[in-house]
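Chain letters run A, B, ... following the sequence lines, proteins first, then strands; residues in each count from 1. No hydrogens, no waters, no symmetry mates; every other heavy atom, side chains included, goes into these values.
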Number of protein chains: 2
Amino acid sequence: MDFTQRLLEQFLVLAEEKHFGRAAERLSMSQPPLSQAMQRLERGLGATLLDRRPGDLRLTPAGAAFAVEARRLLDARSAVVERVRRVAQGLEGVVRVGYVSILSHRHLPRLLRAAAEELPGLRIHLHQDSTATLVEMLRSGTLDLAFIRDPLPVADELVAHDFAVEHIVAALPHDHRLAGSDSLALEDLCDDDFVLLNGTALPGLALQARLACREAGFTPRCRADADDLTGLLGYVAAGLCVSLMPEDLRDFPVPGIAFVPLRGSSPYLRTTIAAVRRADADAAVHRLLDLVARHSRR
Amino acid sequence: MDFTQRLLEQFLVLAEEKHFGRAAERLSMSQPPLSQAMQRLERGLGATLLDRRPGDLRLTPAGAAFAVEARRLLDARSAVVERVRRVAQGLEGVVRVGYVSILSHRHLPRLLRAAAEELPGLRIHLHQDSTATLVEMLRSGTLDLAFIRDPLPVADELVAHDFAVEHIVAALPHDHRLAGSDSLALEDLCDDDFVLLNGTALPGLALQARLACREAGFTPRCRADADDLTGLLGYVAAGLCVSLMPEDLRDFPVPGIAFVPLRGSSPYLRTTIAAVRRADADAAVHRLLDLVARHSRR
DNA sequence: CGACTCGATATCCTTGATCGTATGGATTTC
DNA sequence: GAAATCCATACGATCAAGGATATCGAGTCG
C-alpha cells in the first residue's frame, strides 16, 4: 500500500465532511472517483474505515485512528521536506570546527555567539588541536573548518580566509623598569634577558617573536626557552626574563606580569585564518564562513 | 512531491550501497531508471542529495538528513498500517463501559484484570450510573457496553448477555436470634420488622426482595424503607430491622450487621447482564464481550 | 592511448493511478 | 408510490510512474 499525499488528503476531507458529495466538491473532483479511492485505501489497509449507513456516514474506530495517523503522516512528510531544504541551504546542520588553543579566549566565544544568533539551526562541533593536526583533519574530511595560524601549510586543496589579527605585546615582570609604561619600543628591551618559545608548540609565534626582534635591530639574548606559553609565563612571573606574547593573554591577568603594547605594529602581529576545503560544497560551511568573514577583525 | 514507498526505498538502498549499479541490482531493476528516480526525488525536494563524484558516490548533508528522515517515514507508515489493523481487529482501542454501583465490588475488578491481560491494547473507560441512565447512554452511543440488572428495559436495539448471578442474603442486627446461623429460611423472619428499598434507586432489588418474601408465604412488615443500600444498612445496624441485600455486601463488613445466606436459592437471586447495541460493529466491543462471556459466572 | 567503470541521457513500453460521465440500487421523505 | 438523496458500480480516457535497452561522456588505470 502506498499512501499518496492525495489519497490521505481525500480521506481527511471526507472524514471532516462525512459526505462523499461535499468532500468530492471540496477536493475539486467528482464523487465516484472519491468512492473508488476510499475503497482502494480500505483494501490497501485491510480494514474498513467508513461506516456507510444511508444518510449518515461515520468513521469506524479504525477510521478514526487512521484519520489521526494520516494527519500525522502528512505533517511528518512536510516537516521532512522542510528540514531537508534547510539542511541543503545550510540553515540547519553540523559543522565540525577545529581551532588552535589561543583562539579560544576571545574570538571563538564571539563567533559562537554570532553563529547562535544568526544560524540558530546550526550545531558546531568544536575540536582543539595543533595546527598540523587540524590541517590533516581538514584534508581527510574529519573537520569542515579550522582556525589556524597564518602560514597555511598546504594550499592546494585548502582555501584560507583572513579571520583575525593579533598584536604581540611585551610581557614584563611587575618590577621591570618599563612595567608601568603605556607602550614601549621593542628596542628598549634589547639588553634584557628573554625567554622565547623553542618552536615545538607554536612555531608561528616563536618565529615572529624572533623576526620582530631582528626588525628592531637586535638579537634577543635568550636566557631560557620553553615549550608553551605557560612556560614563558613562569619565567616572566619569576622576574627572570621578559617575553613576547599574543595580546589576548592580557585578558587573563597573571600575578606578577605586566603586558605592555609595542609601538609600531606592522611586523609585530600574527594573523589567524579560517581554512576550509576548496571543493567543499556543504552549504552550512559556507554560511558559517560567510559569518566568519563578516565578523572578522580587519 | 509525493514520496512513494518505492522511491524512499530506492534512495535508502542507494544511500547504503553508494553505487547506482549495485543499488539497482539489489532493487531488482536496471541502473538508468534508478538514476531518473533519484533525479525526480532531488527535483521534488528542491535539494541535492547525492554528491556524484566519479568513482565515489557520497551523500550531501541534506542527503544524509533525508536518509534518516526517509527511514522514519517508512517506519511511521508501516506503524500506521499496523495500528489501523489492530484497531480494526479490536486489539487496540477504547471501549466505554458503564456499570451499576453494586458491580464494582467484585466482578468489575475481575473483569478488568482479565481484559488487561488478554487485550492489553484495549483502554476501558468506566462510568458508573443508574440502570436507566446507562441504557439511555448506550442507545445514544455515549457508551459501548453496560452492565446492568436483569430486566433490560428496551430490548429492540440492545442485546443482553448473561454476566453474573448474585444471591440475596439476609442482613441481621448482631444481636438477632439468628445472627449466628450458617443459613436460614426466609420464612423464619416472617415476624420480624423489615426495612426494604422503596424502589427509587434499585428497583430490581426492591422488587425481588418483596417477591422472595411472597414466595416464602408472607408479606414483610415494613417498619421503614430507604432510598439506597446505606439507608438499609443504617436501620439494620441500629438493631431496628432485618433486611435483604446482595451477597456482595458481605465483602464489606459493617459493624453490627451479620449477613446470613438464605436456604433455597432459585428466586432469591438477581442477575447482572452485559448489554450492547445490537448493530454495534466495533470489533473491540465484541472482543470485550467475548471475554465477558468467557469470564461470566454461570 | 585504449579498455574499463560509472552515472547520465535518449527512447520506448506497460501499467496503474486518477479522473470523468452515466447509471444502478438502497433508503428516506413527502 | 414517486421523488430525492447518497453511495457504489461500470466504463472509458488520460497521464505520469516505473521500467527496459541502447548509448553517451567523463574519469580512471594499466
I need the [atom1]-[atom2] distance between [X] and [N], as an integer number of Å.
X     : N      : atom1 : atom2 : answer
B:D56 : C:dG7  : CG    : P     : 10 Å
B:E25 : C:dG7  : CD    : C1'   : 16 Å
B:L41 : C:dA8  : CG    : C1'   : 17 Å
A:R52 : C:dT27 : CZ    : P     : 15 Å
B:K18 : C:dG7  : NZ    : P     : 12 Å

| message | Base contacts versus sugar-phosphate-only contacts with protein, heavy atoms under 4.0 Å: please encode nucleotides 15-20 of chain C as B, S and - from 5' to 3'. | response | ---SBB
Listed by chain and number, what are the side-chain hydrogen bond (donor to acceptor under 3.5 Å, both in side chains) partners of [X], not counting sequence neighbours?
X      : value
A:R287 : none
B:R53  : B:D51
B:D75  : none

Mark yes when over 12 heavy atoms from residues, nucleotides or ligands other than [X] sit less than 6.0 Å from its [atom1]; otherwise mark no.
X     : atom1 : answer
B:E17 : CD    : yes
A:E25 : CD    : no
B:R6  : CZ    : yes

| said: Please evaluate residues A:L112 and A:I124 with respect to the criterion side-chain contact (heavy atoms from CB on, under 4.5 Å), reporting the C-alpha separation (whole Å), side-chain torsions for both, the decisive distance (0.1 Å), and the verdict. | reply: CA-CA 8 Å; A:L112 293 176; A:I124 296 181; 4.0 Å; yes
| request: Give the first and the last nucleotide of DNA chain D, reading 5' to 3', that has any atom under 4.0 Å from a heavy atom of chain B. | output: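 Range of nucleotides within reach of chain B: D:dG18 to D:dG27.
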| Sequence neighbours excluded, which residues qualify as salt bridge (charged side-chain N to carboxylate O under 4.0 Å, His left out) partners of B:E16? | B:R26
